[in-house]
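Structure first, commentary second.
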Number of protein chains: 2
Amino acid sequence: MQGWEGVRAEVLRRIRARIWPPGALIPGEETLAGEFGVARATVNRALRDLAEAGVIERKKRAGTRVAELPVRRARLEIPVIRQDVEARGLVHGFELLADRLAPAPVPVTARLGLPEAAPMRFLETLHLAGGRPYVLESRWLNPAVLPHPAPDFARESANEWLVTHVSLVSGDIAFTAEPASPREAEVLGVPPGTALLVAERTTQGTAGPVTLVRLAHAPGHRVQMSF
Amino acid sequence: MQGWEGVRAEVLRRIRARIWPPGALIPGEETLAGEFGVARATVNRALRDLAEAGVIERKKRAGTRVAELPVRRARLEIPVIRQDVEARGLVHGFELLADRLAPAPVPVTARLGLPEAAPMRFLETLHLAGGRPYVLESRWLNPAVLPHPAPDFARESANEWLVTHVSLVSGDIAFTAEPASPREAEVLGVPPGTALLVAERTTQGTAGPVTLVRLAHAPGHRVQMSF
DNA sequence: ACAGGTTTTATGTCTAGACATATTAGCCAT
DNA sequence: ATGGCTAATATGTCTAGACATAAAACCTGT
């Protein structure tokens, strides 16, 4: 068992076997390299990987120690909605329900870091999967990121246009469960108050805040991730 | 701007500027190393990072190409519930509501890959944040992973004991929105049918399937992640 | 004791060169 | 054409050595 994956496996084994218990300082890279008969860079690669996984914590000069409470990290892949639907073997479609320029509510501008009541493009898109309502997308879009002439969001969904044409840099997502509002109930074709999985995303681009979007999913939707 | 982060930034800039459009083959490591005046290993580090982020796709012999539809990846950190509560500045507590050995329902054994109706430990724990119900944890636990004598889950929550004592290897999480069942409503102190954010996790360990747990969160709970 | 600067040290990164490995592309025989 | 072998090539990884950097530890002088 050699190579950086071998080193990682052996270090992980020792941690799990409590040879190096939680909180303990493990030997330095030089030492381990000597013991395993590999170069220090190889040990470094292995330990860096374990640090990324949250198993160990590394600090310059202070050394490497086993994490006290290993934090598990799961990765969520956020596809374009069309891909998401097609991956389920269904035909994707969408309807543009609203498209207007309006002063954005304060909570929206605040979360994006824009001046209060800045005029923004509001887009409401209902995505369909196999002809049935799939998710209601309510989006506030910073008009500064749009080119002239602006794209036709009735032809290409805002969701997809943004991913392919705007350089998204960072952002965050939050999932909540909420009862369907009258509007959501009507559009999605469910009784008001139905439990909906709601995702709220904000994204920042290279040229400032891009968009805040709320995705209200039809009942039964699962967001799946693995680790 | 030098170093692998500099290389990554420049490559990313060219991709965003469509100098290298989606689907395009980008120059090889050797070429880029020459152009940027760094060693090939440095370019490799930068490109490996971009590949991990989903911006480019790499294959041996075939080279590196820009991803057609960049999939955004967000990382979720799954803390121990106690940490989660304490991070919100609240006092954590819990009550063990049920603890029994029972044949697990078929959907449970099936998802974990255990024989049908295998006897499993069923644990129901209500976690409290600042004295108020926070999340109801319903867990099926493979008794094979427990030592003798078994730990006292009334003292240390199963959630925390598992993280620190069992080597978890892989697993998956799914989030859904569900109406509170009568049981959940009663325990969490909400009206039946209230929209709850439910997380379902399965985990596999080195020595086989470990646990399947359902976490029904109190209303208003947000699961937050960033990218 | 204590604040401030200096040394030490473990990790972070880089280089140049090498070999390993997975595919693709080309070639040849059928 | 088609199947199968072979060579070419881009990425993956490793080595040995070097310098950079951050933070702890060790001195100072007051």
Side-chain angles (χ1 to χ4, degrees), chain A residues 1-15 19-71 73 75, chain B residues 1-15 19-71 73 75:
Chain A
M1 197 201 268
Q2 283 177 71
W4 72 270
E5 290 186 285
V7 173
R8 182 185 57 182
E10 175 58 18
V11 170
L12 200 50
R13 190 191 67 77
R14 291 189 190 176
I15 290 171
I19 295 169
W20 296 328
L25 203 62
I26 77 176
E29 296 186 349
E30 201 80 57
T31 314
L32 291 176
E35 192 199 332
F36 294 134
V38 298
R40 187 169 78 89
T42 305
V43 174
N44 184 280
R45 179 89 160 83
L47 295 186
R48 184 152 35 83
D49 197 75
L50 285 172
E52 238 170 65
V55 177
I56 56 179
E57 284 161 13
R58 321 193 71 195
K59 272 205 313 217
K60 284 183 190 174
R61 162 75 224 214
T64 301
R65 51 182 69 248
V66 181
E68 290 281 359
L69 276 183
V71 179
R73 299 199 170 101
R75 226 170 40 175
Chain B
M1 198 195 257
Q2 286 177 70
W4 71 271
E5 290 185 287
V7 173
R8 182 184 58 182
E10 175 57 18
V11 170
L12 201 51
R13 190 190 67 76
R14 292 188 191 178
I15 290 172
I19 296 169
W20 297 329
L25 202 63
I26 77 175
E29 297 187 346
E30 200 81 56
T31 313
L32 291 175
E35 192 199 330
F36 294 136
V38 299
R40 187 170 80 89
T42 305
V43 174
N44 183 279
R45 180 88 160 81
L47 295 186
R48 184 153 35 81
D49 197 75
L50 286 172
E52 237 171 67
V55 177
I56 57 179
E57 284 160 12
R58 321 194 70 197
K59 270 204 315 213
K60 283 183 191 175
R61 162 76 223 217
T64 301
R65 49 182 70 248
V66 181
E68 290 282 357
L69 274 182
V71 179
R73 299 201 171 101
R75 224 166 44 174

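Keep in mind that this is a model prediction, so the values were computed, not measured. Residue numbers begin at 1 in each chain, while the letters A, B, ... track the order of the sequences.
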[X] vs [N]: side-chain N/O to OP1/OP2 distance below 4.0 Å:
X: B:Lys59; N: C:dA22; answer: no
X: A:Thr42; N: D:dT15; answer: yes
X: B:Asn44; N: D:dT11; answer: no

Flag yes if more than 12 heavy atoms outside B:Glu30 fall under 6.0 Å of its CD atom; otherwise flag no.
->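 No.
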Provide, to the nearest angstrom, the distance between the [atom1] atom belonging to [X] and the [atom2] atom belonging to [N].
X: B:Glu57; N: D:dG12; atom1: CD; atom2: P; answer: 13 Å
X: B:Phe36; N: C:dT15; atom1: CZ; atom2: P; answer: 13 Å
X: A:Arg8; N: D:dT13; atom1: CZ; atom2: P; answer: 10 Å
X: B:Arg40; N: C:dC19; atom1: CZ; atom2: P; answer: 14 Å
X: B:Glu29; N: D:dA10; atom1: CD; atom2: P; answer: 10 Å

Nucleotide nearest B:Arg58 when distance is taken to its side chain, options C:dA10, D:dG12, D:dT13 =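 My answer, after comparing the listed nucleotides, is D:dG12.
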In terms of the nearest nucleotide of DNA chain D, which residue is placed more toward the 5' end: B:Arg48 or A:Ala62?
->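 Looking at the nearest nucleotide for each, B:Arg48 comes out on the 5' side.
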Should the pair A:Arg48-A:Glu57 be classified as a salt bridge under the 4.0 Å nitrogen-to-oxygen rule?
->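 Looking at A:Arg48 and A:Glu57, the cut-off is not met.
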Does A:Arg61 get its side chain close enough to the base of C:dT8, under 3.5 Å, for a donor-acceptor pair?
->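 Between C:dT8 and A:Arg61, which were checked side chain against base, a qualifying N/O pair under 3.5 Å is present.
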